[in-house]
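Reading through the structure tokens given below for one structure.
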There are 2 protein chains.
Amino acid sequence: MTEELPVRGRRTTLADVAARAGVSVPLVSIVMRDAPGASAATRERVRKAAEELGYRPDSRARMLRRSRTRLIGVVFGVQHPFHGDLVSGLYTAADAADYELALSAVTPGRDERRAVASLLQDRCEALILLGPALPTSELADLAARMPVIVVARPVRNRAVDVVRTDDAAGLHLAVDHLVDLGHTRIAHVDGGRAPGAAERRRGYREALDHHGLADQALIVPGGLTEDDGAAAARELIAARPTAVTVFNDRCATGVLDVLRREGVAVPGDMSVVGFDDSSLARLSHVALTTVAQDAGRITALAVARAVARLDGDAAADEREQVIPPHLVVRSTTAAPRADLAAAPARRVRTSSA
Amino acid sequence: MTEELPVRGRRTTLADVAARAGVSVPLVSIVMRDAPGASAATRERVRKAAEELGYRPDSRARMLRRSRTRLIGVVFGVQHPFHGDLVSGLYTAADAADYELALSAVTPGRDERRAVASLLQDRCEALILLGPALPTSELADLAARMPVIVVARPVRNRAVDVVRTDDAAGLHLAVDHLVDLGHTRIAHVDGGRAPGAAERRRGYREALDHHGLADQALIVPGGLTEDDGAAAARELIAARPTAVTVFNDRCATGVLDVLRREGVAVPGDMSVVGFDDSSLARLSHVALTTVAQDAGRITALAVARAVARLDGDAAADEREQVIPPHLVVRSTTAAPRADLAAAPARRVRTSSA
DNA sequence: GTGAAAGCGCTAACAA
DNA sequence: TTGTTAGCGCTTTCAC
């Protein structure tokens with residue numbers, strides 16, 4: 001308790017603790033690491049000395065000396081809310097596996113290459129990249145040096161491991177749900193060239209096809225942001241499907257906002273389904289029906305895979321792990337109104353009374 | 001270009017490069033650091049060897065050897081969008097000052113204490129804490145060990161440096177703007193115990209007072225999230241001010257959404273001002289009038305202060321740097337409707353036609 | 001301009 | 001159980 005905080009200046013080292021406890025340096029090391037090879041009495045004394053000096057081990061020196069650093073590098077986008085969920089999960093998983101995480105952010109002024117380079121200098125043993133935009137060839141080059149786990153982006157290359165949500169299955173869930181409610185004219189606002197967008201488009205088409213609705217397919221160009229959704233909403237208002245699946249929750253929020261402002265009731269006149277189950281979707285006043293990615297499972301698998309590669313296990317395993325999403329039904333989906341279900345598009349304006 | 005990527009396994013070291021170039025290890029070190037003391041010819045040869053081997057310096061060994069690590073630790077909240085802007089700015093500023101950043105995230109499962117502890121082990125020379133919730137006493141303890149710069153939270157303790165937006169001034173700007181437009185009944189949705197909330201409340205009161213509107217003050221309990229705003233909106237609908245200043249943009253978004261859904265036109269029936277100028281506010285379909293924090297300036301000053309403390313400069317300077325915000329006028333504020341400006345509250349429902 | 005020797009803080013291997 | 005010796009990859013004297 002009486003941690004006598006050392007003045008700013010030279011750090012307290014093992015040698016300081018050793019001197020104070022009257023033992024050798026390696027013995028202190030043994031005690032600090034809880035390694036076998038010291039008597040209970042010594043441990044006691046050493047711990048006390050360390051506490052009194054406010055000693056903190058130097059992870060750099062430790063990693064330098066050990067052959068292993070037990071350090072996993074993580075590249076994430078500082079703007080992307082879902083990456084926040086993933087980073088949280090990664091910490092938990094790494095902790096359980098007794099690994100440390102080194103975070104490196106991608107920002108408007110710092111690209112992925114720089115983010116990766118700094119992690120290489122830090123001597124990370126493996127890299128976990130969240131939704132990277134790097135070309136496959138560079139990912140493969142990296143993977144030649146160290147285990148690389150790509151999260152939330154499909155990569156066709158056997159050198160890297162991939163953990164991602166089954167995006168196509170997610171759209172099947174969404175479309176099936178809407179069809180169950182009685183919808184037949186279901187549009188899709190896509191994500192352009194964003195990671196996962198192609199799979200979601202494909203899932204949408206497949207699902208419509210599966211229900212014999214292929215000729216009703218309508219794909220509206222969208223994107224990742226609320227603004228993209230807002231723009232897409234204007235097209236939706238013209239085309240008037242009774243339901244729409246949207247690339248992600250942010251985009252869906254933009255859709256919702258414009259729809260409502262233009263007098264199109266949701267879900268009365270149009271049902272909307274998002275993707276991600278981000279905090280946006282959960283907001284009580286938004287209450288967006290959405291496809292949830294299992295961030296906890298994805299991150300656990302990503303770390304597990306990194307650890308397996310490092311330990312040399314499972315080297316022949318499947319390279320890609322595709323995690324099924326699940327549907328979270330909230331308040332933006334409902335059965336189509338009787339007069340809309342079959343009839344062609346018409347202009348509708350609901351009084352909210 | 002022909003970077004012959006070494007197989008996974010032992011890292012390439014200075015010794016490898018030295019052997020390949022046919023020189024000694026220290027000489028390679030000199031070349032890699034661009035330090036004086038090597039002939040042009042040697043530099044050329046060494047660089048070539050390093051490139052061919054794909055050599056990357058080991059930052060841990062380097063920091064261990066140098067007395068200085070030139071490493072600044074940053075604690076940020078992975079959920080908070082504004083922290084993303086700040087982290088971006090910090091990277092830029094650190095880069096310019098030739099410092100590295102070590103990021104440590106606060107997540108639902110990882111508290112500030114842990115985040116700080118890991119940075120201490122990494123031998124950071126200074127700590128920048130974004131909106132920390134740690135008690136002042138702990139901040140002071142930390143500051144006894146190393147320079148601590150707190151961003152976006154006022155701290156009454158001479159041991160730590162603080163860089164923050166002038167929250168009170170921000171509310172003056174907002175209220176002045178609304179008064180200029182002709183509003184007299186201006187409410188405030190507050191941020192509860194969030195960092196900065198008290199100052200914003202105070203600024204709101206002061207500004208009203210300054211305009212002789214103190215008796216019109218109405219503070220509605222709010223919070224940081226959209227949901228908090230949604231809840232507050234219900235109270236606003238009952239009280240019917242003609243304008244409202246809201247703790248932050250997220251909360252303001254919740255307010256906006258509920259107001260509009262309940263048929264209260266913005267800015268027709270009620271003007272709304274946010275705080276932060278987050279990406280939310282900038283969205284074209286939201287177009288929120290808001291008080292902008294100068295993230296670039298805040299982060300530049302935070303890094304500059306950390307560097308100054310480390311270099312021993314300016315040790316006697318002011319401990320707290322308060323940055324003036326500025327108002328960004330968008331589309332959620334306008335003059336009050338003639339019948340609302342003076343008249344007491346009444347129920348209004350606008351047809352959007 | 002270049003190389004040899006020492007040491008940052010720590011841990012692994014061995015000896016006592 | 002404990003101490004001694006060596007060395008991780010790098011930078012810093014200090015000779016040559």
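Numbered from 1 within each chain, the chains take letters A, B, ... in sequence-line order. The basis for the numbers below is simple: all heavy atoms, side chains too, and nothing from hydrogens, waters or symmetry mates.
Across all strands shown, A:Leu27 has heavy atoms under 4.0 Å from sugar-phosphate atoms exclusively, and none from any base. Nucleic acid contact for B:Val23: sugar-phosphate only, since backbone atoms but no base atoms lie under 4.0 Å from a heavy atom of the residue. Counting any heavy atom pair closer than 4.0 Å across all strands shown, B:Ser29 reaches a base atom.
Between the CG atom of A:Leu64 and the P atom of D:dC10 there is a distance of 9 Å, rounded to whole Å. Following rounding to the nearest Å, B:Asp122 (CG) and C:dC10 (P) show an atom-to-atom distance of 13 Å. Nucleotide C:dC10 holds its C1' atom 13 Å from the CD atom of B:Gln121, rounded to whole Å. Atom CG in A:Asp58 sits roughly 18 Å away from atom P in D:dC8 (whole-Å rounding). The interatomic distance linking A:Arg62 (CZ) with C:dA12 (P) rounds to 9 Å, in whole Å. Taking atom CG of A:Asp16 as the reference point, atom C1' of C:dC10 lies 13 Å away to the nearest angstrom. Atom CE of B:Met32 and atom P of D:dT12 are 15 Å apart (whole Å). Atoms CG (B:Leu14) and P (C:dC8) sit 19 Å apart, rounded to a whole Å.
Residue A:Arg33 places at least one side-chain N or O under 4.0 Å from the OP1 or OP2 atom of C:dA12.
In this structure, the nucleotide among D:dT11, C:dT2, C:dC10 sitting nearest to the side chain of B:Val25 is D:dT11.
B:Ser29 and B:Arg33 form a side-chain donor-acceptor contact under 3.5 Å, judged by distance and modelled atom types alone.
You won't find any donor-acceptor pair under 3.5 Å spanning the side chain of B:Arg11 and the base of D:dG9, going by distance alone.
Going from atom CG of B:Leu134 over to atom CG of B:Asp141 covers 10.5 Å, rounded to the nearest 0.5 Å. Interatomic distance, B:Thr107 OG1 to B:Arg114 CZ, rounded to the nearest 0.5 Å: 8.5 Å.
Contact check for B:Leu120 versus B:Val116: side-chain heavy atoms found under the 4.5 Å cut-off.
When all heavy atoms of B:His83 and B:Gly77 are compared, the pair lying nearest together is ND1-N, 2.9 Å. Minimum heavy-atom separation, A:Ser118 to A:Ala115: OG-O, 3.3 Å.
Residues from residues 34-41 of chain B that place a heavy atom under 4.0 Å from any atom of DNA chain C, listed by number: B:Gly37, B:Ala38, B:Ser39.
Dense packing is recorded around CD of B:Glu138, with more than 12 heavy atoms of other residues, nucleotides or ligands lying under 6.0 Å away.
Each of A:Ala15 and B:Ser24 was assigned the nucleotide of DNA chain C with the nearest heavy atom; the assignment lying further toward the 5' end belongs to B:Ser24. Along DNA chain C, the nucleotide nearest to B:Arg65 and the one nearest to B:Gly22 differ in position, and the one closer to the 5' end is contacted by B:Gly22.
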